[in-house]
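Just so you know, ligand 1 is whichever comes first in the structure, and atom 1 is the first atom listed for that ligand. Note that the numbering runs from 1 along the sequence shown for the chain. The basis for the numbers below is simple: all heavy atoms, side chains too, and nothing from hydrogens, waters or symmetry mates.
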Amino acid sequence: MTTALHFILFLTASLGLSEEVENSTQLEWWETTLLYQIYPRSFKDSNADGVGDLKGIYEKLDYVKSIGVDAIWIQPFYKSPMFDMGYDVEDYKAVDPIFGTIEDFKELQKAVTDRGMKLILDYVPNHTSDKCEWFKLSERRIEPYTDYYIWKDPKRINDTHTTVPNNWKSIFPGSMWTWSDIRKQYYLHQFSAQQPDLNYRNPKVKKEMEDVLRFWLDLGADGFRVDAVSHLYEAAHFMDEPPSINWDTFRIYTFEQPECVDLVKEWRAVLDEYSKKDGKPRLLAQENFNFPHKMLKYIGNETNPGSQIPFFFWLMFARPDWNTTVIDWFIHIQTDTYPRSSYNWVLDNHDNSRTSSRWFDESVDVWNMWILLLPGLASIYYGTELGMGDLKLRKDQERDAFDGGNGRTDRRDSYRGPMLWDGTENAGFTASEKPWLPVHPNYWHSNVKAQQLDPNSHLNTFKKLTALRKNPVITHGDFQTYKINTWVYMFTRSLEDETIAVLLNIGSETEKVCVKNVGCALPGGMSVLIRSENLELNVGEKVFANTRTNRCIRMRPHSGLVLGTSTAAPVSFSICILLFGIFSKFLL
Ligand SMILES: *[C@@H]1O[C@H](CO)[C@@H](O)[C@H](O)[C@H]1NC(C)=O
Ligand SMILES: *[C@@H]1O[C@H](CO)[C@@H](O)[C@H](O)[C@H]1NC(C)=O
Ligand SMILES: *[C@@H]1O[C@H](CO)[C@@H](O)[C@H](O)[C@H]1NC(C)=O
Ligand SMILES: *[C@@H]1O[C@H](CO)[C@@H](O)[C@H](O)[C@H]1NC(C)=O
Ligand SMILES: CC(=O)N[C@H]1CO[C@H](CO)[C@@H](O)[C@@H]1O
Ligand SMILES: [Ca+2]
Ligand SMILES: [Ca+2]
């Protein structure tokens with residue numbers, strides 16, 4: 001707390017960053033929000049049964065607020081048989097007893113709002129659980145549920161044999177069709193057989209699912225993250241898909257059908273109806289792995305708006321052999337395609353390996369600098385602020401029923417480990433002897449409590465970054481990128497006469513960066529505002545000034561620093577350009 005306070009004072013006072021924005025262009029809250037993704041099973045267990053719950057999240061809200069979070073996204077906590085850990089919903093309007101009660105939800109919602117944060121819920125519309133009442137009634141052809149799902153007769157092979165209706169393959173391996181002995185028909189499922197797809201060509205299903213949105217909006221939800229949007233519709237002709245290994249052309253009848261966009265816009269209209277009533281803008285974010293140019297249509301326009309924020313996941317696949325050319329492409333494919341109000345940066349999630357495991361523990365500060373200081377919304381998966389790593393589980397410890405789908409063979413449990421709160425047994429996550437998944441073995445030294453005490457910890461660096469993130473130069477400032485060399489990347493944020501520069505060595509060797517490398521991209525006399533733990537420079541140190549000693553800096557592998565302009569030494573760009581042009585040969 002005091003560190004963060006000192007830091008803000010340091011920023012505003014000694015570096016002259018203005019507290020008020022002169023150009024106070026009004027942005028919607030999601031354009032600058034820091035969204036914190038909570039996997040409810042793993043955040044905090046309040047009742048010692050080994051599984052995290054809503055009361056547990058409630059207990060930890062002050063922590064969440066203290067690290068600079070503006071909005072919380074809680075993953076599914078609805079009644080579910082938990083075959084897909086909650087992404088198989090049995091009752092959309094009930095809290096699963098393992099997570100608590102609807103009263104717990106109300107209490108949590110109020111506490112989130114009281115702390116000035118927003119609450120985003122997960123909306124899982126493509127499929128229900130096969131244990132859902134609607135499915136059981138549909139299977140028995142009981143009206144009005146008969147056509148709530150997608151049912152098809154078998155395809156005839158010959159007099160004695162039949163087969164599945166077509167060749168469509170689901171995300172979790174196998175056919176998209178499963179036989180129901182009760183109904184004597186096949187039902188469609190884009191994910192597992194335990195997740196039958198809803199039939200959105202039936203207006204009653206649309207109405208039913210809009211009611212779900214209304215139910216949670218009435219209880220104070222500020223928005224939704226919509227799951228698996230590309231899978232909402234399947235072509236009505238049910239023709240075989242052409243055999244091909246290319247994802248985009250292979251799934252021409254089951255992926256990203258044109259009706260998906262219209263449906264998302266209908267949901268947005270429900271949210272806007274609430275916003276009109278109370279003046280509070282609601283957010284519709286969507287999960288979609290598609291190319292940004294294909295996602296543009298979901299954003300819509302002012303007269304026909306859709307989802308404001310498409311999740312952009314591609315940085316999740318960044319690997320240590322990605323050089324600055326590759327990263328630059330991944331940054332610009334989003335910034336060149338979307339309007340700025342739709343940028344969203346994601347490093348990790350519940351389906352993919354965490355940053356510190358894909359890279360190194362050293363890389364954590366660097367990647368947090370990326371996503372917290374780029375323009376737009378930043379999505380942080382719980383634990384990323386600590387640099388939490390993947391679990392390496394034994395077979396008998398695995399709980400996820402599937403491999404990762406799409407031919408992947410990893411179990412997703414590894415990315416869903418319990419939050420590491422302190423150094424006590426089971427990391428303070430649960431008072432039970434047996435958490436649902438084991439805690440990471442490094443919990444005894446790398447946990448919230450320990451990192452709070454260490455000024456250079458990932459957590460404290462994260463907090464400095466989120467404090468800086470609230471400054472107008474980051475919320476409103478311009479954005480420029482520079483490939484300094486193969487492994488060092490730089491981006492700048494500037495507003496009026498203030499500039500923030502972020503220099504990142506994403507390579508595995510020490511890199512030397514000199515005035516001549518950064519050229520006139522930077523005003524003179526910048527000093528270090530924030531550094532990664534492994535950087536050999538101190539906060540406040542001046543760099544790239546025109547004196548012999550600090551014209552160059554050395555950056556250790558996977559290190560990063562944030563530079564700010566000092567009011568003491570303003571050097572205008574034009575003078576710099578002039579001097580650089582004339583004297584560069586001699587000076588450098
Ligand atoms: C504020 O900044 C925006 C974006 O830089 C610019 O388009 C706008 O004209 C500015 N408004 C004022 C009043 O300066
Ligand atoms: C019918 O098709 C099945 C499956 O392809 C095959 O095993 C069976 O021999 C066929 N029967 C006749 C009578 O052709
Ligand atoms: C907004 O989008 C709709 C649907 O794509 C389109 O018909 C309409 O012309 C667009 N309006 C504007 C102002 O661009
Ligand atoms: C960066 O990586 C890409 C893709 O691997 C490669 O094509 C390119 O040559 C690399 N650039 C440099 C400068 O090494
Ligand atoms: C990233 C993401 O949200 N993944 C989810 C997509 O939907 C399937 C089925 O609902 C889930 O299993 C994934 O976790
Ligand atoms: Ca519990
Ligand atoms: Ca579907």
Checklist entry - To the nearest 10°, what's the angle at the Ca ion (ligand 7) between atoms O (L232) and O (H231)? => result 80°

Checklist entry - Identify the closest protein heavy atom to atom 7 (O) of ligand 2: which residue and atom is it, and at what distance? => result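 Heavy-atom neighbour on the protein nearest atom 7 (O) of ligand 2: H161 NE2, 4.3 Å.
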
Next on the checklist: Give me the residue, atom name and distance of the protein heavy atom closest to atom 6 (C) of ligand 2.
Outcome noted: N158 ND2, 4.3 Å

Next on the checklist: For N/O/S atoms only: which one belongs to D197 and is nearest the Ca ion (ligand 7)?
Outcome noted: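 Considering only N, O and S atoms, D197 comes nearest to the Ca ion (ligand 7) through OD2.
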
Next on the checklist: Could you identify the N, O or S atom of E234 positioned closest to the Ca ion (ligand 7)?
Outcome noted: OE2

Next on the checklist: Just to verify, which of R354, R358, R412 counts as forming a salt bridge (Lys or Arg N to Asp or Glu O under 4.0 Å) with D348?
Outcome noted: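 Among the candidates, only R358 passes.
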
Next on the checklist: Quick check on side-chain hydrogen bond (donor to acceptor under 3.5 Å, both in side chains): which of R416, R41, Q37 does Q75 satisfy it with?
Outcome noted: Q37

Checklist entry - Which of these, S356, S414, S353, sits in a side-chain hydrogen bond (donor to acceptor under 3.5 Å, both in side chains) with D390? => result S353

Is the shortest heavy-atom distance from the side chain of [X] to the side chain of [Y] under 4.5 Å?
X: Q308; Y: R268; answer: yes
X: D96; Y: Y78; answer: no
X: V366; Y: M369; answer: no

Checklist entry - N323 heavy atoms, cut-off 4.0 Å: which ligand 4 atoms fall inside? => result 1 (C), 2 (O), 3 (C), 8 (C), 10 (C), 11 (N), 12 (C), 14 (O)

Item to check | Element-labelled atoms of ligand 4 that are located less than 4.0 Å from some non-hydrogen atom of T486 | outcome: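 Numbered from 1, ligand 4 contributes 12 (C), 13 (C), 14 (O).
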
Next on the checklist: Quick check on atom 9 (O) of ligand 2 - does any protein heavy atom sit closer than 4.0 Å to it?
Outcome noted: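 Given the 4.0 Å cut-off, atom 9 (O) of ligand 2 does not count as touching protein heavy atoms.
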
Item to check | Non-hydrogen atoms of L284 and S307 that approach each other most closely | outcome: O-OG, 3.0 Å

Checklist entry - What is the minimum heavy-atom distance between L35 and I72, and which atoms define it? => result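 Nearest pair, atom of L35 first, then I72: CD1-C, 4.1 Å.
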
Checklist entry - Looking only at heavy atoms, is any part of V326 under 4.0 Å from ligand 4, and if so is it the side chain, the backbone, or both, or is it neither? => result side chain

Checklist entry - Does ligand 2 have any atom sitting under 4.0 Å from a heavy atom of I157? => result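 Distance cut 4.0 Å: I157 passes for ligand 2.
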
Item to check | Any N or O of T325 closer than 3.5 Å to N or O of ligand 4 | outcome: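 No; the residue has no nitrogen or oxygen that sits under 3.5 Å from a nitrogen or oxygen of the ligand.
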
Next on the checklist: If the cut-off is 3.0 Å, does any N/O/S atom of T254 fall short of it from the Ca ion (ligand 7)?
Outcome noted: no

